[in-house]
Amino acid sequence: MPDIKLNVIKPSVNNMAARVFVRAAGLDFAENDVFGQTRSPEYLAICPAHLTPMIETAELPNGALWESCAIMQYLSNKHGLEGLYPSSPEKRAMIDSAMFYLIGTFYPYLARATYPALNFPQYPGEVGHSDADPDTKEKARKAAVEALAEPLDVFRTFYIKDKRFIGGDKPSIADIRFAATLEFLAVIDYPLPAWAKDYVAAMEDALGQAYAEPAADVRGYIGYVRSQAS
Ligand SMILES: N[C@@H](CCC(=O)N[C@@H](CS)C(=O)NCC(=O)O)C(=O)O
């Protein structure tokens, strides 16, 4: 029986991050597809936040852990994955900062910009979740698309800078989280700058099947929603 049970929803980039990570790290895992089951009494009993990705292991105090970045940090710590999550305080600080910046600033704009096209429910607190009229929601969505460019460029100018990846020559867990996130922008035909396209290609090149297999599920879903919309 594998060490790690990873509960996933395959079209999601939050899940893609964890799915790429366990493959890239060569961990012993089993994926459990919980599409449509995250609000069942059984799932809620384990994960009251009804979120994926979520790992289950008896070694954790409450038996479960969610939040993609926390999962990658925990498993890196547990298995001593120095390459993906270096223990040098300075290198680690940059990786942590990039992940917090992504989750706290970049992703909320990206979710507001893309979730309507993906047919995903909005993040809590988003205008899409409120009783605002459709025009107001569309205005907020367009404003989020506009707002994406600035934090996106921060990844280039600050976190990646003159290196290949946030992690340096090799991808780190922050790179896995960032590259996976960029995948969703295809659903709105976001004009990804050349550097970002090259970056995703470099990630795919560096990680091979570990990246390609989970990415295919996200890209397949985007292809499906786009075919339904046209
Ligand atoms: N910040 C979280 C976001 C997780 C998240 O939003 N998961 C969604 C899929 S994209 C989910 O599992 N939703 C199911 C539900 O709320 O019932 C992470 O990075 O893991």
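Both counts, for ligands and for their atoms, begin at 1 and track the order of listing. FYI, side chains are in, hydrogens and waters are out, and symmetry mates aren't considered; it's all heavy atoms of this structure. All residue numbers refer to positions in the sequence shown, counting from 1.
- The side-chain hydrogen bond (donor to acceptor under 3.5 Å, both in side chains) search around Asp28 returns none, not counting sequence neighbours.
- The closest side-chain donor-acceptor pair between Ser68 and Arg177 falls under 3.5 angstrom.
- Residue Ser68 holds the heavy atom nearest to atom 20 (O) of ligand 1 of all those in Pro108, Ala70, Ser68.
- Every atom of ligand 1 with a heavy atom of Ser12 under 4.0 Å away is listed here by number and element: 9 (C), 10 (S).
- Under 4.0 Å from ligand 1, the heavy atoms of Asn14 that appear belong solely to its side chain.
- Atom 17 (O) of ligand 1 has Thr38 OG1, 2.7 Å as its closest protein atom, hydrogens excluded (heavy atom only).
- The nearest heavy-atom contact from the protein to atom 4 (C) of ligand 1 is Thr52 O, 3.3 Å.
- Scored by the salt bridge (charged side-chain N to carboxylate O under 4.0 Å, His left out) test, Lys142 finds Glu138 as partners (sequence neighbours excluded).
- Taking 4.0 Å as the cut-off, Arg177 counts as a neighbour of ligand 1 on heavy-atom distance.
- Between Arg39 and ligand 1, an N or O atom pair is found at a separation short of 3.5 Å.
- For Leu51, heavy-atom contacts with ligand 1 shorter than 4.0 Å involve the backbone as well as the side chain.
- Applying side-chain hydrogen bond (donor to acceptor under 3.5 Å, both in side chains) to Asn7 and the options Asp33, Asn32, Asn15 leaves one that passes, Asn32.
- For the pair Ser227 (side chain) and Tyr224 (backbone), a donor-acceptor distance under 3.5 Å is present.
- Here atom 15 (C) of ligand 1 lies nearest to His50 when heavy atoms of Glu67, His50, Met54 are compared.
- No side-chain donor-acceptor contact under 3.5 Å links Ser97 to the backbone of Ala93.
- Within ligand 1, the atoms closer than 4.0 Å to a non-hydrogen atom of Pro53 are 20 (O), numbered from 1 in the order shown.
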Applying side chain to side chain donor-acceptor pair (under 3.5 Å), run through Asp96 and Tyr85 and close with a yes or a no.
CA-CA 9 Å; Asp96 289 344; Tyr85 194 40; 2.7 Å; yes
